[in-house]
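Please read all numbers here as calculations on a predicted model, not as lab measurements. Naming: A, B, ... by sequence-line order, numbering from 1 per chain.
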Number of protein chains: 2
Amino acid sequence: MQNSEALTLTAALLAAAGELTQRINEGVEARGFEGRPAYGFAFTRLAPDGATVTDLAVHLGVTKQAASQLVDELARKGYVERRPHPDDARARLVVLTERGWACTRAAEEAAAEAVRAWADLIGEGEVRMLGDRLLRIAPNGPVRPAW
Amino acid sequence: MQNSEALTLTAALLAAAGELTQRINEGVEARGFEGRPAYGFAFTRLAPDGATVTDLAVHLGVTKQAASQLVDELARKGYVERRPHPDDARARLVVLTERGWACTRAAEEAAAEAVRAWADLIGEGEVRMLGDRLLRIAPNGPVRPAW
DNA sequence: TCATATAGTCAAACAACTTGACCAATAAGG
DNA sequence: CCTTATTGGTCAAGTTGTTTGACTATATGA
């Protein structure tokens, strides 16, 4: 493989990821929720049973302070609640509210819609394969801003 | 396709893109250049004939003020030079210096190295196909931070 | 030639993140 | 059990990369 191809691949990855994230965010807002793209990825970690701030920080690839601030924001907007952790009195369990669940569903719908546009371009099977390969490459790496 | 699969795909895309960008940056630094990931993508637009600040802004998906600041930074570190534009007295052509070319080559090497690790995981053919599909999806969309 | 658009920069404001300091609850070792 | 180290979380301050707004200089077009 030529050297410059690798950079082209990276650029394509970033462009695709950026486009998708932006569309999801637009879709979520169109469904009546205000937010930023990070919300959706936070929600996937909070559902179904909640998570601690530290869990969230690892999932998002940021410091726990940053994760804590995000939770503040989500709580202020009514998407999540901090509850005492059943097993550990230091920790607090962050769980989705009813509105948080609704927003999660909206994000999933918006994502499905955006991906459907890709299926129209390269075919559903190809999209599925894309996802499969990507999952094998970066199984559960942190979901964080790309540069 | 199930709704939640689409969010999973997005997360995988982001994780993969993030990992790749980070590795490239580390590789570039290991080769003796200081910088941040955006540099490499700026370079791909500046090579081979240079570009204006506005071109760069479009390529990176940021405002031209942000692009201008990036160019300041790159110039201060000796990677690029601002030269008068041959055809338009308002514009200035940003071109790579010799050191800028060296850094570009380093970025390409680092990228090739990072992608090679992927080829070991899923096979070179699969990686090539991945790149092909992604290019069809997001042909020349802006390369910008993903969330 | 006069209005309008475009290329670029300066400056200030802002958003998301980090680093550092700290407290409370737990876990580990004698 | 005490003591010490570790872990979960927050508060506060600082940093970074970005945007918005204002402005100048050149180009374009009726």
Side-chain angles (χ1 to χ4, degrees), chain A residues 14 17-18 21-22 25 29 34-42 45-46 49-77 79-95 142-147, chain B residues 14 17-18 21-22 25 29 34-42 45-46 49-77 79-95 142-147:
Chain A
L14 275 171
T21 339
Q22 192 186 336
N25 199 42
E29 286 180 345
E34 60 165 351
R36 48 184 178 113
Y39 289 7
F41 302 109
R45 184 67 186 77
L46 295 178
D49 298 318
T52 66
V53 164
T54 302
D55 292 338
L56 207 52
V58 171
H59 178 70
L60 297 177
V62 297
T63 59
K64 54 185 183 176
Q65 290 90 327
S68 185
Q69 284 175 9
L70 179 63
V71 170
D72 284 346
E73 207 179 307
L74 290 170
R76 198 176 338 112
K77 292 185 179 161
Y79 295 130
V80 304
E81 267 177 16
R82 281 186 234 247
R83 314 192 55 189
H85 195 288
D87 304 335
D88 188 336
R90 296 170 299 180
R92 313 172 72 176
L93 199 59
V94 182
V95 295
V143 178
R144 56 159 311 158
W147 73 7
Chain B
L14 276 171
T21 336
Q22 192 186 335
N25 198 43
E29 285 179 346
E34 60 164 351
R36 48 184 178 115
Y39 289 8
F41 302 110
R45 185 65 186 81
L46 295 178
D49 298 318
T52 65
V53 164
T54 303
D55 291 337
L56 207 52
V58 171
H59 178 68
L60 297 176
V62 297
T63 60
K64 53 185 183 176
Q65 290 93 325
S68 185
Q69 279 176 230
L70 180 63
V71 170
D72 285 346
E73 208 178 309
L74 290 171
R76 197 177 339 110
K77 292 185 180 161
Y79 295 131
V80 304
E81 268 177 14
R82 280 186 233 248
R83 313 190 56 188
H85 195 287
D87 304 335
D88 188 335
R90 294 170 300 180
R92 312 171 73 178
L93 198 59
V94 182
V95 295
V143 179
R144 58 157 311 159
W147 71 9

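Separating the CD atom of A:E73 from the C1' atom of D:dT10 is a distance of 16 Å, rounded to the nearest angstrom. Rounded to whole angstrom, the span from the NE2 atom of B:H85 across to the C1' atom of D:dA25 amounts to 16 Å. Taking atom OH of residue B:Y39 and atom P of nucleotide D:dT16, one finds them 12 Å apart after rounding to whole Å. The separation between A:L70 atom CG and D:dG9 atom C1' is 15 Å, rounded to whole Å. Residue B:R83 contributes atom CZ, which lies 21 Å from atom P of C:dA7 at whole-angstrom precision. D:dG17 atom P lies 10 Å from atom CZ of B:R76, rounded to whole Å. B:K64 has its NZ atom 15 Å from the P atom of D:dT24, to the nearest Å. Between B:D87 atom CG and D:dT28 atom P the separation is 10 Å, expressed in whole Å.
Phosphate proximity of C:dA16 to A:R36: present, with a side-chain N or O under 4.0 Å from OP1 or OP2. Of the side-chain N and O atoms in B:T54, one or more sit less than 4.0 angstrom from OP1 or OP2 of C:dG8. A sub-4.0 Å separation between OP1 or OP2 of C:dT9 and a side-chain N or O of B:S68 is present. Look at B:R82 and you'll find a side-chain N or O under 4.0 angstrom from OP1 or OP2 of C:dT9.
Where B:A67 and A:R90 each meet DNA chain D at their nearest nucleotide, the meeting point lying more 5' is that of A:R90. For the pair A:A89 and B:L93, nearest-nucleotide mapping onto DNA chain C gives the more 5' position to B:L93. Each of B:D88 and A:G61 was assigned the nucleotide of DNA chain C with the nearest heavy atom; the assignment lying further toward the 5' end belongs to B:D88. When the nearest nucleotides of DNA chain D are assigned to A:Q69 and B:Q69 by heavy-atom distance, the more 5′-ward of the two goes with A:Q69.
Distance check: A:T52 OG1 to A:R82 CZ gives 11.5 Å after rounding to the nearest 0.5 Å. Put simply, CG on A:L74 and CG on A:L46 are 7.5 Å apart, with the number rounded to the nearest 0.5 Å. Considering CZ of A:R92 and OG of A:S68, their distance stands at 8.5 Å, rounded to 0.5 Å.
Using a 4.0 Å heavy-atom cutoff across all strands shown, B:T63 reaches at least one base atom of the nucleic acid. As judged by a 4.0 angstrom heavy-atom cut-off over every strand, A:A91 is placed among residues touching the sugar-phosphate backbone only.
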Problem set entry | Derivation of the side chain to side chain contact (heavy atoms under 4.5 Å, CB included) call for A:F41 and B:L14 | CA-CA 10 Å; A:F41 302 109; B:L14 276 171; 3.4 Å; yes

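In this model, a side-chain donor or acceptor of A:Q65 finds a partner on the base of C:dG20 within 3.5 Å.
A donor-acceptor pair is defined here as one N or O able to donate and one able to accept, closer than 3.5 Å; such a pair exists between the side chain of B:T21 and the backbone of B:A17.
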